[in-house]
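Numbering starts at 1 and runs along the sequence shown. Counting convention: from 1, in listed order, for ligands and their atoms alike.
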Amino acid sequence: MVRAIPDPSAFARDFRLDPSVVYLNHGSFGACPVPVQEAQRRHRDRVEADAVRFYVDDLWPLMDRSRDALAPVVGCDARDLVFVHNATTGVATVLHNLELRAGDEILVTNNEYTACMNNCRAVAARAGATVVAADLPWPMPGPDAAFDAVMARVTDRTRVAMISLVTSATGIRLPAERIIAALGERGIETILDAAHGPGCVPMDLDAWSPAWATGNCHKWLCSPKGAAFLFVRRDRQDGFRPLVLSNDAERLDAATARTRRPHFHHEFDYAGTDDMSPYLTVADAAAYLSGVMDGGIEAVMAANHALCVQGRDIVCDALGVQPPAPESMLGPMATLTLPAGAPDAETLKARLYDEWRIQIPVWGTPGGTTSIRLSAQIYNSVAQYEYLGEALRAELG
Ligand SMILES: Cc1ncc(COP(=O)(O)O)c(C=O)c1O
């Protein structure tokens, strides 16, 4: 049967999304707008025109341009930012810089991203440390419940915490700033995993003051894939090293005298020959998103949040289920647990994609239930969530 696919919003003209697919999963892999892709092409052309000039001279000010554009989005001084290829690398870099001892505990939640957890467990195992997971409730009653769940697992062996700003599977904006402050009072530093951070929810790293934070630009800021930031608080920058050491690692003073950059920037900005265009295009992505509607990136985040809540409510009404989390804890993603009797995750995901052409993540959740997570980005429309509601109602019988 040929179905009428609902139209996306007018902003879809700026993207190259497949028109035969209803794309409701910006949260896993964000689409990059055409003007931003064109900016990346120009950066790449510049490299190929004179690669020596690019890597020796031009790279440094262009990295600063992106850093300067990103700093206000995440609320910190550009001096405290470097780029890495993705949030997984950001988390791994911090973990490898920790000096853990046997018996130490790394505090996480049961909602942390799998790749980050894998790195956490590997680093902990090498040091004889353990990873302790706080159980976040689901359904999520409110920020206090999340805060209390994390703080209940603090012990006198807790050395460091790794906490998501917005959780991956449940799409919940955690009270990270409260957690960072309360842990800080007990002498425990936090790694803030803001993979869903820039362009997703408002951020103020200077005020929150985690020791380390990382987050993707290639999700909600719509940069090309392969661009994430790593923030290191000023008092933690001394001796903080990238995972890969490059030419200047043993003569940083001399090298930075030439590039006139802090050691922190110099080491991360060039860690071997690489495609730097995703980093350089972060400035262009921020410019695109700032200009796409009145009110800039703040307005985009507010519009995506409002569309997400509207979409969630449409689907909840269609299925007769209650929203599992308060609206105030959502950004542009919402997870819903489907009523008992829903098909298993794999079957439902395949049906939604093959039969209805809806791209949306579906997960098995504890208790044998099935959950879906919807995303809202500027190219999405209300009609797409109505269509999702119709599809789910049909598939759930
Ligand atoms: C909370 C969280 N952390 C880390 C990541 C990893 O991001 P990346 O694959 O870009 O490294 C994700 C990806 O979705 C995520 O949701």
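The shortest contact between atom 6 (C) of ligand 1 and any protein heavy atom is with Y113 CE2, 3.3 Å. Ranking protein heavy atoms by distance to atom 14 (O) of ligand 1, first place goes to K219 NZ, 2.7 Å. Nearest protein heavy-atom contact of atom 11 (O) of ligand 1 is T88 OG1, 2.6 Å.
The S164 neighbourhood of ligand 1 comprises atoms 1 (C), with distances under 4.0 Å to a heavy atom of that residue. For ligand 1, the atoms closer than 4.0 angstrom to any heavy atom of A195 are 1 (C), 2 (C), 3 (N), 4 (C), 5 (C), 12 (C), 15 (C). Applying the 4.0 Å criterion to heavy atoms of N86 picks out, from ligand 1, the atoms 8 (P), 10 (O), 11 (O). Residue N216 approaches ligand 1 through these ligand atoms, each under 4.0 Å from one of its heavy atoms: 7 (O), 8 (P), 10 (O).
Contact annotation for H196 and ligand 1: only side-chain heavy atoms (C-beta onward) come within less than 4.0 Å of the ligand. Under 4.0 Å from ligand 1, the heavy atoms of C116 that appear belong solely to its side chain. When heavy-atom distances to ligand 1 are checked against a 4.0 Å cut-off, D193 comes that close only through its side chain, counted from C-beta outward.
Salt bridge status for E105 with R101: absent, with no side-chain N to carboxylate O gap under 4.0 Å. Electrostatic pairing of R79 and D77 does not count as a salt bridge here, judged by no charged N lying under 4.0 Å from a carboxylate O.
With a 6.0 Å cutoff to the six-membered ring centre and a 45° limit on the axis angle, R357 counts as a cation-pi contact of Y353. Figure legend: cation-pi geometry between R373 and W363 absent, as NZ or CZ is not positioned both under 6.0 Å from the six-membered ring centre and within 45° of its axis.
Proximity of a side-chain donor or acceptor of S9 to a complementary backbone N or O of F11 within less than 3.5 Å is detected.
In this structure, the separation between OH on Y113 and CE on M162 is 12.0 Å, given to the nearest 0.5 Å. How far OG of S290 is from CD of E298: 10.0 Å, rounded to the nearest 0.5 Å.
Contact between H218 and ligand 1 is present, with at least one heavy atom of the residue lying under 4.0 Å from the ligand.
Note: F264 and F240 have perpendicular aromatic rings, judged against thresholds of 30 and 60 degrees for the angle between ring planes.
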